[in-house]
Student: 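One structure, pasted below without further comment.
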Amino acid sequence: MRNVSVILFFSFTAASMFVTAVEVMRGYLGGSVSIDCHYDAQYTSFVKYLCKGKCPYLGSADVVIKSFNNHFTTKNERFSLYDNKLARIFTVTITGLEANDAGTYWCVVERDMMPDIYSEWELEVFKISVNIKVPEACKADANQECTDNIFKQIESITTEVLPKQEVEDTLKFLTTQKNSLLVGKTKQDDVISSFNNILKATDKLVSTLVKKVRTTSSISISIKTIEARVFEVGPRCSLKEIPQLDTLDAKMDIDLIGISQNEMNQGHAAVAFMSYTNSSNSSLFSTTISTMKLLSTVVSATLPRTRNTRLTKPVNFTLKHTAELNPDDAVSCMYWKETDWVTDGCTLIETNSTHSVCSCDHLSTFALIMQTKPSESDHLLEVLSMVAEALGLVFLVLALLTFALCRRNPRVFNTARINLCISLLLAHFLFLLTQILLRYKYLQPLKLACAVMAGVLHFLFLSAFVWMFIEALVLFIAVKNLSRPKSKHKELLTWKLLTVVGYMIALIVVGVSAGVLPEGYGSKQCWLKQDKGFKWSFLGPVSFILASNIILFSLIAISLGCSLAHLNSNVSQIKQARTVFFKTMAQFVILGCPWILGFFTADSKALEIIFVILLSQQGTFIFIVHCVLSNEVRQEYRKLLGSFQANFSPTTITEAHTTQGGSTDLHTS
């Protein structure tokens, strides 16, 4: 049972029969309402009554309660009338409100030989099917379970109208408790999710204040973290222009009258304007993009419970600056679109040292964003990364060309090594392309393309690690079979089988990851998101492969030691295996260890630079280890160079001309 006491003041004058203003009363099923009706001193001893419907035109046919014999109090079922003659107020109270109590009522002073004085008011009765309750234990010590429970209650709201106090109390709980939706989040994706949740919860709660009035209604909420203004108009609104909705740090101008006149709205429209006063301290804005700075409080505007929300005119927001403007920085009016701040449909039309005015053709969540110039160190790191990536790609191409040249030499041409280079070449090329597109902001609006690129990069880098593992495994099998003259490992591990296994493992991991959490792809850098531990879909397999390779190299070293102990150390097969072992281990260290360094780059610019150089130069290291330091490759290059010199030496050219000339003479003769 809920009691609601609403005080309405009516002044009766003898000069008029009807008071044109219509007051609106709001009550809830099972609750009560009280109305104070003021009258002039000359009507102290007159009879007062309450009637419903069309009683001004039907006399006393619809009277629900009436004072008799100058009594102070009169009761009639659920209605009571108390006449305070000293204060010149008679109060009508209705208890146990029912749905059919809604309608038009009239406070009446009955006059003899003269027309009665009427004052009209409208009673609206609402059903409270949702009663948001915050347990006392949660108020004292809130936790995530309490917050989730409140949020579920808010999500269940449909068309209910809630009292202002209940809405205010719920907003206080959600935004000020230490374990609330906004507080205690450190990861960027968690903060973004929390910000979206608080936006949805606030919009839903504020919409419950809209009550479908006949004239106008205005409700304000001001708490520590949120200021909200709700203004609504009805079909009998006499206003020509809507008053400016303002909070402490923002103002909004909207053509609500024009919106209400839309045929679907039938004269009714409501607007809600919210200002999130603590958003400037949220880590959301410091982690979204490093080159952005919040310059105002975040504001949100909606048209709650309005059928047609199409704007008749652009909406103007006046936002107060929260930081000093830098003349070199660009200021933009932006709105929040799920995971990012975008400028579509918003224009900065005026700015000064303290305020800026934004004009937008839609309603959403808005803020004034200052585009700060990236620091010189960030710019140099970006240039260094691109140049290093391009250089690494060149050496990867040279390595592949070298392996193609030496394809007949089994000591150089290796299926796992070839596919490792192909995977790295494609991965680094796509990574470089992604960075270029992000730099020039071509990928920001293309969320799907960014997610696809992230998935392909995930696959290519994983396949490179799988090929490193396969190369170590093949080397381990070869070393184990050094003393076995008829080993069949070459027949079993064919290049076709290795190719299928090498790419299929990475494809399965990416497929499972995308199936379990498809939204995990497509972060700000078009890579894996940090939300819900999705990064382990890459780090998990990589850590497993690195650990497996360490075990394999340990076993290979033990096997080589045993072989050297029983065989002559000058045996060519042993020397060859030892050389391949050291090259493969060096490759493992060069290609695998930089990823471990990536865990510690967040707090150190120097480590970040080292990580960028090592990662981008993987192709350079492969070319040095497997090409420059390989005797077989150097011999192949000498043969190629010798053939080139032989074909283009002066003696060869002279002999070719002589032979050609002799042939011509012979043919002529």
Student: Taking the side chain as C-beta and beyond, is there a heavy-atom pair between Val299 and Thr365 under 4.5 Å?
Tutor: no

Student: For the pair Asp116 and Tyr49, evaluate side chain to side chain contact (heavy atoms under 4.5 Å, CB included) and give the outcome as yes or no after the intermediate values.
Tutor: CA-CA 11 Å; Asp116 295 343; Tyr49 65 89; 3.2 Å; yes

Student: For Cys237, give me all partners under disulfide (SG to SG under 2.5 Å), at least two apart in sequence or on another chain.
Tutor: none

Student: Do Arg229 and Thr247 touch side chain to side chain, with heavy atoms closer than 4.5 Å?
Tutor: yes

Student: Test of understanding: with side chain to side chain contact (heavy atoms under 4.5 Å, CB included), list the residues that count as partners of Ser359, not counting sequence neighbours.
Tutor: Pro314, Asn316, Ile349

Student: Compare every heavy atom of Ser275 with every heavy atom of Thr297, then report the nearest pair and how far apart it is.
Tutor: OG1-OG, 3.6 Å

Student: Does the side chain of His268 reach to within under 4.5 Å of the side chain of Val210, using non-hydrogen atoms?
Tutor: yes

Student: Got a sec, which pairs hit side chain to side chain donor-acceptor pair (under 3.5 Å) with one end in residues 251-262, sequence neighbours left out?
Tutor: Gln244-Asp253, Asp255-Thr312, Asn262-Asn308

Student: Listed by chain and number, what are the side chain to side chain donor-acceptor pair (under 3.5 Å) partners of Asn196, not counting sequence neighbours?
Tutor: Trp336

Student: With sequence neighbours left out, write down each residue that passes side chain to side chain contact (heavy atoms under 4.5 Å, CB included) with His362, or none if nothing qualifies.
Tutor: Tyr335, Cys346, Ser364, Phe366

Student: Between side-chain atoms of residues 97-105 and protein atoms elsewhere (two or more places apart, or another chain), which donor-acceptor pairs fall under 3.5 Å?
Tutor:
residue: Asp101; atom: OD1; partner: Arg78; partner atom: NH2; Å: 3.0
residue: Asp101; atom: OD2; partner: Arg78; partner atom: NH1; Å: 2.9
residue: Asp101; atom: OD2; partner: Arg78; partner atom: NH2; Å: 3.4
residue: Asp101; atom: OD2; partner: Glu98; partner atom: N; Å: 2.8
residue: Thr104; atom: OG1; partner: Glu122; partner atom: OE1; Å: 2.8
residue: Tyr105; atom: OH; partner: Asp101; partner atom: O; Å: 2.7

Student: Is the side chain of Thr202 donor-acceptor paired with the backbone N or O of Leu199 at a distance under 3.5 Å, no angle test?
Tutor: no

Student: Distance from Asp203 atom CG to Ile198 atom CD1, nearest 0.5 Å?
Tutor: 10.0 Å

Student: Could you list the residues that satisfy salt bridge (Lys or Arg N to Asp or Glu O under 4.0 Å) with Glu110, not counting sequence neighbours?
Tutor: Lys66

Student: Would you name the heavy atoms of Ser296 and Thr322 that are closest together and state the gap between them?
Tutor: N-OG1, 3.5 Å

Student: Working to the nearest 0.5 Å, report the span between CG of Asp249 and NE2 of His355.
Tutor: 8.0 Å

Student: Under the 3.5 angstrom rule, does the side chain of Lys48 hit a backbone N or O of Cys37 as a donor-acceptor pair?
Tutor: no

Student: List for me each residue that meets side chain to side chain contact (heavy atoms under 4.5 Å, CB included) alongside Lys164, sequence neighbours excluded, and say none if there are none.
Tutor: Glu168, Leu209, Ile219, Ile221

Student: Is there a side-chain contact between Thr343 and Cys333 (heavy atoms, below 4.5 Å)?
Tutor: no

Student: Could you work out, with side chain to side chain contact (heavy atoms under 4.5 Å, CB included) as the rule, every residue matching Ser218, not counting sequence neighbours?
Tutor: Phe231

Student: Distance check, rounded to the nearest 0.5 Å: Thr208 atom OG1 versus Leu162 atom CG?
Tutor: 4.0 Å

Student: Give, for atom OG of Ser207 and atom CD1 of Ile154, the distance between the pair rounded to the nearest 0.5 Å.
Tutor: 10.0 Å

Student: Would you say the side chain of Val64 lies within less than 4.5 Å of the side chain of Val92, judging by non-hydrogen atoms?
Tutor: no

Student: Give me the atom names and distance for the closest heavy-atom approach of Ala323 to Leu295.
Tutor: O-CD1, 3.4 Å

Student: Check Leu319 against Ala367 and note the closest heavy-atom contact, atom names and distance.
Tutor: CD1-C, 4.2 Å

Student: If you look at every heavy atom in Leu81 and Ile65, which pair is closest and at what distance?
Tutor: N-CD1, 3.5 Å

Student: Let's go through Thr309 and Leu363 carefully: what are the C-alpha distance in whole Å and the side-chain angles of both, what is the deciding distance for side chain to side chain contact (heavy atoms under 4.5 Å, CB included) to 0.1 Å, and is it a yes or a no?
Tutor: CA-CA 9 Å; Thr309 58; Leu363 297 182; over 6 Å; no

Student: With no hydrogens and no angle check, just 3.5 Å: does a side-chain donor-acceptor pair link Arg88 and Tyr43?
Tutor: no

Student: Test Thr93 against Phe79 for side chain to side chain contact (heavy atoms under 4.5 Å, CB included), laying out the working first.
Tutor: CA-CA 6 Å; Thr93 301; Phe79 295 83; over 6 Å; no

Student: Would you check, one step at a time, whether the test disulfide (SG to SG under 2.5 Å) holds for Cys450 with Cys526?
Tutor: CA-CA 5 Å; Cys450 186; Cys526 292; 2.0 Å; yes

Student: Any side-chain to backbone donor/acceptor pair from Thr306 onto Ala270? Under 3.5 Å, distance only.
Tutor: yes

Student: How many angstroms lie between CE in Met264 and CZ in Arg310, if you round to the nearest 0.5 Å?
Tutor: 11.0 Å

Student: Crowded around Lys200 NZ? As in, over 12 foreign heavy atoms under 6.0 Å?
Tutor: no

Student: Atom CG of Asn149 and atom CZ of Phe151: how far apart are they, to the nearest 0.5 Å?
Tutor: 12.0 Å

Student: Evaluate the side-chain proximity of Asp83 to Tyr39: yes if any heavy-atom separation is below 4.5 Å, no if none is.
Tutor: yes

Student: List for me each residue that meets side chain to side chain donor-acceptor pair (under 3.5 Å) alongside Thr351, sequence neighbours excluded, and say none if there are none.
Tutor: Ser356

Student: Counting C-beta onward and ignoring hydrogens, is there a side-chain heavy-atom pair between Ser119 and Trp106 closer than 4.5 Å?
Tutor: no

Student: How close do Leu311 and Cys360 get, heavy atom to heavy atom, and via which atoms?
Tutor: CD1-O, 4.4 Å

Student: Evaluate the criterion side chain to side chain contact (heavy atoms under 4.5 Å, CB included) for residue pair Val271 and Thr302; output intermediate values, then yes/no.
Tutor: CA-CA 6 Å; Val271 61; Thr302 60; over 6 Å; no

Student: Answer whether the closest heavy-atom distance between the side chains of Leu294 and Ile369 falls below 4.5 Å.
Tutor: yes

Student: Check side chain to side chain donor-acceptor pair (under 3.5 Å) between Glu124 and all other residues, then give those that pass, not counting sequence neighbours.
Tutor: none

Student: Kindly write out the residues that satisfy side chain to side chain donor-acceptor pair (under 3.5 Å) with Thr354, not counting sequence neighbours, or none if the list is empty.
Tutor: Asn352

Student: Between Lys75 (side chain only) and Ser80 (backbone N and O only), is there a donor and an acceptor less than 3.5 Å apart?
Tutor: no

